[in-house]
Amino acid sequence: MKSILIKNAKVITEDDVYRSDLLVEGEKIAGIKKNIGVKADRIIDAEGLYLIPGGIDAHTHMELPLGQICSSDSFVSGSRAALFGGTTTIIDFANQTRGETLASAIKLWEQKSAQIYADFRFHVSVVQADRQTLDEVSQLQKIKKINSFKTFLAYNNMRLNKDELLQVMKRVKEEDGIVLVHCENGDKINQLIHVAKIQKKISPLDHAQARPPEAEVEAVEEVIGLCQQTLCRTYIVHVSTHSALLRLKDAKNQGLPIFAETCPQYLLFDESVYHGEFDKAASFVMSPPIRTQEHVTGLWRELLAGAVDVVATDHCPFMLEQKRLGKSDFTLIPNGAAGVEHRLEILFSEGVIKRGLSLSAWVSLISSNPAKIFGLYPRKGTINVGADADLVLFDPQARHTITKNLHHMNCDRSIYEGIEVVGKCRTVFLRGQTVVDNERFMAEKPFGKWIGY
Ligand code: URP
Ligand code: ZN
Ligand code: ZN
């Protein structure tokens with residue numbers, strides 16, 4: 001069994017910051033205390049570095065099929081990029097196709113992820129609420145295969161109506177799983193897209209205007225009502241508006257089991273990204289869209305006050321050529337952007353350094369909270385004896401500039417192009433193996449593992 005001794009690190013967990021040595025034996029953390037004196041296969045002096053638990057990205061879309069195309073990262077390339085950015089576990093979405101079973105979606109995603117560098121799990125997207133699908137929702141939880149179910153209130157080929165969502169939530173509540181919801185009012189959006197088309201509005205900016213903040217807020221209000229009714233654990237993905245986040249904060253304060261996720265793109269950019277040339281603006285076409293500066297400021301304020309539970313990426317990369325499919329019709333621009341590699345560093349730089357987010361809150365948002373919410377904790381998401389040795393040695397001083405020319409995601413675009421960040425993942429360990437060391441990828445082959453709950 002290989003051992004690694006990390007000396008003099010500043011250990012950061014969700015509730016503590018302290019100096020210590022840490023011993024890894026095999027795949028696990030074997031000891032945490034000052035001045036560990038044992039011999040080890042590798043000894044690292046971590047003076048000046050932070051030691052944090054590996055990141056958990058609870059929202060990725062590798063190889064997501066969209067009509068004739070697919071998001072451009074495979075599980076291999078996307079998980080490799082994730083490790084470069086300190087994310088050691090991803091939770092991807094196995095999407096049901098209408099008319100097919102959840103089992104067939106899971107099988108397909110298992111095939112896609114047969115080779116993967118990071119540890120992983122799936123949520124399953126439920127796009128119909130017929131009896132067979134609902135029975136599968138129950139069964140998947142009973143056999144402890146999957147307990148997180150994604151639903152959509154927008155996207156015509158995937159969305160559920162209110163009653164269908166209620167049925168899913170009731171089934172999930174029975175087994176104490178969790179429902180994830182893409183909150184946008186699909187009827188409102190369809191109507192606005194219809195009008196835009198009549199008016200020959202075709203640009204990325206028109207995409208954003210057809211998906212206004214109210215569409216998100218109305219959907220969030222509806223889901224809060226269903227959460228109240230069912231008491232089903234509920235997780236709102238990619239919250240993009242200040243107003244929706246305030247509704248969720250109130251709901252949580254009333255004791256509802258509801259969680260809010262946001263993503264770096266909603267914290268960094270405002271709607272001005274949609275002005276200007278198509279190629280650049282199309283990189284930001286995603287749903288929900290990037291919002292005005294008031295929302296950005298409001299999201300930060302609430303995040304700093306603790307209203308956000310998780311920062312995930314919604315990593316869903318498309319190449320420029322794929323984005324250009326919608327050059328003369330925004331509804332044909334594939335939605336999504338690459339981000340899985342940058343989440344830890346961006347939140348550190350923009351949150352901790354620029355806005356005073358505490359180190360423990362940073363770790364909670366990127367690792368401990370998703371681990372707790374999705375049942376990976378305390379195996380993952382913290383630094384404790386017995387936990388998986390998924391660890392990141394993080395240099396809080398290093399500066400670098402994000403560019404598509406240097407990132408590891410399989411995407412010829414970066415919405416973060418030219419952004420300078422403070423802080424860099426220096427060395428990354430997955431279950432005790434060094435997978436990234438000073439910009440070098442060290443894993444000889446993909447050894448990512450399915451992590452049950
Ligand atoms: O635009 C986005 N977010 N694409 C990925 C699918 C989704 O809605 O999460
Ligand atoms: Zn979504
Ligand atoms: Zn998504």
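All ligand and atom numbering here is 1-based and tracks the order in the structure. Note that the structure is a prediction, hence the values are computed from the model and not measured.
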Relative to ligand 1, is Asn335 under 4.0 angstrom through side chain, backbone, both or neither, heavy atoms considered? both

Numbering the atoms of ligand 1 from 1, which are under 4.0 Å from a heavy atom of Met286? 1 (O)

Determine whether more than 12 heavy atoms belonging to other residues, nucleotides or ligands lie under 6.0 Å from atom NE2 of His194. no

If you count the atoms of ligand 1 from 1 in the order shown, which ones are under 4.0 Å from a heavy atom of Tyr155? 1 (O), 2 (C), 6 (C), 7 (C), 8 (O)

How close do Ser368 and Gly381 get, heavy atom to heavy atom, and via which atoms? OG-O, 2.8 Å

His182 vs His238, test: ring-ring contact (aromatic ring centres under 6.0 Å, His included). Steps then yes/no. CA-CA 7 Å; His182 173 126; His238 50 47; 4.5 Å; yes

How are the rings of Phe120 and Phe122 set to each other: parallel, tilted or perpendicular (split at 30° and 60°)? tilted

Contact atoms of ligand 1, heavy-atom distance to His238 under 4.0 Å: 8 (O), 9 (O)

List nothing but the number: protein N/O/S atoms under 2.8 Å from the Zn ion (ligand 2). 2

Relative to the heavy atoms of His182, which atoms of ligand 1 are at a distance of less than 4.0 Å? 8 (O)

Residues at least two apart in sequence or cross-chain that pass salt bridge (charged side-chain N to carboxylate O under 4.0 Å, His left out) with Glu277, listed by chain then number, are none

May I ask you to identify the nearest protein heavy atom to atom 6 (C) of ligand 1, giving residue, atom name and distance to one decimal place in Å? His61 NE2, 3.7 Å

In this structure, atom 3 (N) of ligand 1 is nearest to the protein heavy atom Asp314 OD2, 2.5 Å

Of all the N, O or S atoms in His59, which one sits nearest to the Zn ion (ligand 3)? NE2

Taking the ring centre of each residue, are His123 and Phe374 less than 6.0 Å apart? yes

Can you give me every donor-acceptor pair (side chain of residues 105-112, partner residue at least two apart or in another chain, under 3.5 Å) with its distance?
residue : atom : partner : partner atom : Å
Trp109  : NE1  : Asp92   : OD2          : 3.2
Trp109  : NE1  : Phe93   : O            : 3.0
Glu110  : OE2  : Lys145  : NZ           : 2.7
Lys112  : NZ   : Glu63   : O            : 2.8

Under the salt bridge (charged side-chain N to carboxylate O under 4.0 Å, His left out) rule, collect the residues that match up with Lys173, sequence neighbours excluded. none

Selection from Ala312, Ser287, Cys263 by shortest heavy-atom distance to atom 1 (O) of ligand 1: Ser287

Geometric class of the Phe284/Phe269 ring pair [parallel <30°, tilted 30-60°, perpendicular >60°]: perpendicular

Could you go through the side chain to side chain contact (heavy atoms under 4.5 Å, CB included) check for Leu180 and Thr151 one step at a time? CA-CA 6 Å; Leu180 294 82; Thr151 57; over 6 Å; no

